[in-house]
Amino acid sequence: MVKRILNEFTKINGVTGAMISGFDGWPIESVLRSDINDEYLAGTAATLYGISSTTSKEFFGDELDQTLIESDKGKILIAPIKELIFVVVMDRTANLGKLRYKLRQEKERIAAAI
Amino acid sequence: MADILDISHVFFLETIKSSKKIMGAPVATGQLIRKAMAMSDKIPEVKYNNMDEYEKSVKEKTNPLTQLEGESIRHEGDIFTLSKCPFAQSIKSYIDLFGGLPEDYKEITEDFNKTSTIKDHLHVGEGAGVSPFCAIHQPLRSSVASKKIKIGGKSIEVYQLGCKSGSGYKGFAEKWIEKTGISKEKVDELLDNAMCCYCIRIKE
């Protein structure tokens, strides 16, 4: 079920991979290109989530919704769902609005699948 | 003349504290585990013909685990204990300087004792964590054992059974005690004279 949801995300234009990992930085399920190391991505995502989450609480007094890493060549979106981290890897052509809309729509389904 | 304080001991403990403050306990704990696992990759591989030969290497201090954590004592059922925590000196230096360990450490220890995929894989935590240093030491030992040590041509696994804090509190990994079929009473008894207790199983 989780794999199916991840696959659905990779069908969005520009999305090249998706992953669910733990707060401990360990990959749980992923659909990634073969040149992406899932353990490295999960570790990085957990660290970025941790820093962003603390910053969100400190500055806004609120839980983190999403974190975005953006460069000319691509983007990585990190979003906490329950006690897990949802990671989406995109190239520069990705439609971020569409992805965020889908993520908002699918959050409950992802949480249930986990 | 009094020994000079090794600042790296104190600085390392402060780094753990700030990691927890910046990233929260679950992520900081995960980082400690992952760093310990990455460190195990640098250890050279060793092979022993049997458990007695393994024990001999422990006594001769050529065993990679002994080099990392000090000499262990072998008990019946291939249970091993350590009389001293390998982080004892760092803890002492920090307490001597600041009067106690940081409050933030409690959350890291609590998180290390929670079930997770990686801790299941390494057979650590689950109540056997008594300080954040257990989140480094136990995964490091398990990771070195499973990746780098072979006995009789077979891979081995370490199961953390229990651990004792400097204050005397004993933490037991009920999950791994049950899985290995060792009695909690036995682990409790061994921890009367030790700080750390684990067993080694040869994978069939």
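A note on names: the letters A, B, ... follow the listed sequences, proteins ahead of strands, and every chain is numbered from 1.
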A/Thr47, part contacting chain B, at a heavy-atom distance under 4.5 Å: both
Counting only heavy atoms not in [X] (residues, nucleotides, ligands), do more than 12 fall under 6.0 Å from its [atom1]?
X: A/Asp35; atom1: CG; value: yes
X: B/Met39; atom1: CE; value: no
X: A/Glu83; atom1: CD; value: no
X: B/Glu14; atom1: CD; value: yes
X: A/Lys107; atom1: NZ; value: yes

From OG1 (B/Thr117) to CG (A/Asp24), nearest 0.5 Å: 6.5 Å
Inter-residue atom distance A/Thr55.OG1 - B/Met23.CE, 0.5 Å rounding: 11.5 Å
Side chain to side chain, B/Met37 and A/Trp26, heavy atoms closer than 4.5 Å: yes
Short side-chain to backbone donor-acceptor contact, B/Arg34 and A/Tyr40, under 3.5 Å: no
Under 4.5 Å from any heavy atom of chain A - which part of B/Ile33: neither
